[in-house]
Amino acid sequence: MRRFAPVTVVLAGALVLAGCGSEDSPADSKAELSVSDAYMPQPVSDSMAAGFLTVTNKGGTKDELTSVTSDVGEVTAHETVGSSMQEATDLAVPAHGQLVFKSGGSHLMFEKLKRKPEQGEKVTVKLHFAESGTVTVEMPVKSATYSPKTGH
Ligand SMILES: [Cu+2]
């Protein structure tokens, strides 16, 4: 059983075009991104929230997340270093690899919230990539204590 709510991913520009005339040449294929497992635990704070997702690159070229925007507030990517967090410096999506934001590790940090997302809502997040352009994710808001289960 799939436990995650479906995530709507709208691929912009080059990605969509690449999909039309795709050839399977892994050696020099373009970055081919998809986003899965996106969610935001319902924030306990009025001003801040965290978000998690996984970006998977099936292509043969690496890509890089350059910025993240959302209509609910300002978004930065954070990594956890020891017991504190700082702005993430390496947001590469390796060829045939993943960029993972998950609880306890890197996360998207929403600040200066214009409204407080509630469980059951979706938050629109735009991921901007160096090669692939903008990928829009509808990030479902889960309970404050939600954590994704892995396995079966
Ligand atoms: Cu943070």
Side-chain angles (χ1 to χ4, degrees), residues 1-16 18-19 30-151:
M1 175 186 132
R2 189 161 168 78
R3 290 166 190 272
F4 302 112
V7 176
T8 309
V9 180
V10 180
L11 302 172
L15 259 186
V16 174
K30 288 182 177 168
E32 212 180 298
L33 304 183
S34 61
V35 176
S36 59
D37 302 347
Y39 73 97
M40 170 186 283
Q42 179 173 296
V44 287
S45 155
D46 284 336
S47 61
M48 290 194 330
F52 305 101
L53 54 83
T54 299
V55 182
T56 301
N57 183 1
K58 285 194 192 136
T61 306
K62 81 168 177 117
D63 207 340
E64 187 177 355
L65 181 62
T66 53
S67 65
V68 184
T69 53
S70 172
D71 57 351
V72 295
E74 293 180 10
V75 190
T76 48
H78 277 177
E79 58 191 4
T80 306
V81 178
S83 58
S84 62
M85 58 190 183
Q86 64 184 37
E87 196 148 351
T89 48
D90 180 15
L91 296 173
V93 192
H96 306 290
Q98 290 185 322
L99 173 64
V100 179
F101 295 97
K102 65 174 184 187
S103 188
S106 301
H107 50 274
L108 298 179
M109 195 90 199
F110 295 74
E111 293 172 281
K112 299 181 183 166
L113 292 180
K114 293 171 191 157
R115 61 183 176 82
K116 189 174 174 180
E118 301 284 346
Q119 184 174 350
E121 278 182 36
K122 283 185 177 163
V123 171
T124 301
V125 180
K126 290 183 192 289
L127 307 175
H128 305 280
F129 292 95
E131 303 294 328
S132 303
T134 300
V135 175
T136 301
V137 179
E138 299 292 335
M139 179 177 273
V141 181
K142 302 290 193 177
S143 73
T145 55
Y146 174 85
S147 76
K149 304 287 190 294
T150 52

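We use all heavy atoms of the structure for the numbers below, so side chains are in, but hydrogens, waters and symmetry mates are not.
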Heavy-atom closest contact (Ala50 atom, Pro41 atom, distance)
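What the structure gives for the nearest pair is O-CD, 3.4 Å.
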Between [X] (side chain only) and [Y] (backbone N and O only), is there a donor and an acceptor less than 3.5 Å apart?
X: Asp63; Y: Ala31; answer: no
X: Thr134; Y: Lys126; answer: no
X: Asn57; Y: Glu32; answer: yes

Just distance, no hydrogens or angles: give the donor-acceptor pairs under 3.5 Å from side chains in residues 103-119, sequence neighbours left out.
from   : atom 1 : to     : atom 2 : distance (Å)
His107 : ND1    : Gly105 : O      : 3.3
Arg115 : NH1    : Glu121 : OE1    : 2.5

Apply side chain to side chain donor-acceptor pair (under 3.5 Å) to the pair Glu138 and Thr124, showing each step before the final yes or no.
CA-CA 5 Å; Glu138 299 292 335; Thr124 301; 3.0 Å; yes
To the closest 0.5 Å, what do you measure between [atom1] ([X]) and [atom2] ([Y])?
X: Lys122; Y: Met40; atom1: NZ; atom2: CE; result: 13.5 Å
X: Ser147; Y: Lys142; atom1: OG; atom2: NZ; result: 11.5 Å
X: Leu127; Y: Leu65; atom1: CG; atom2: CG; result: 6.0 Å
X: Thr54; Y: Gln98; atom1: OG1; atom2: CD; result: 5.5 Å
X: Leu53; Y: Phe101; atom1: CG; atom2: CZ; result: 6.0 Å
X: Phe129; Y: Leu33; atom1: CZ; atom2: CG; result: 5.0 Å

Expected list for residues 84-91: side-chain donor-acceptor pairs under 3.5 angstrom, two or more places apart:
from  : atom 1 : to    : atom 2 : distance (Å)
Ser84 : OG     : Val81 : O      : 3.4
Gln86 : NE2    : Glu79 : OE2    : 3.2
Asp90 : OD1    : Ala92 : N      : 3.1

Val125 vs Thr136, test: side-chain contact (heavy atoms from CB on, under 4.5 Å). Steps then yes/no.
CA-CA 6 Å; Val125 180; Thr136 301; over 6 Å; no
Could you tell me whether the side chain of Val55 reaches within less than 4.5 Å of the side chain of Ser34, counting heavy atoms only?
no
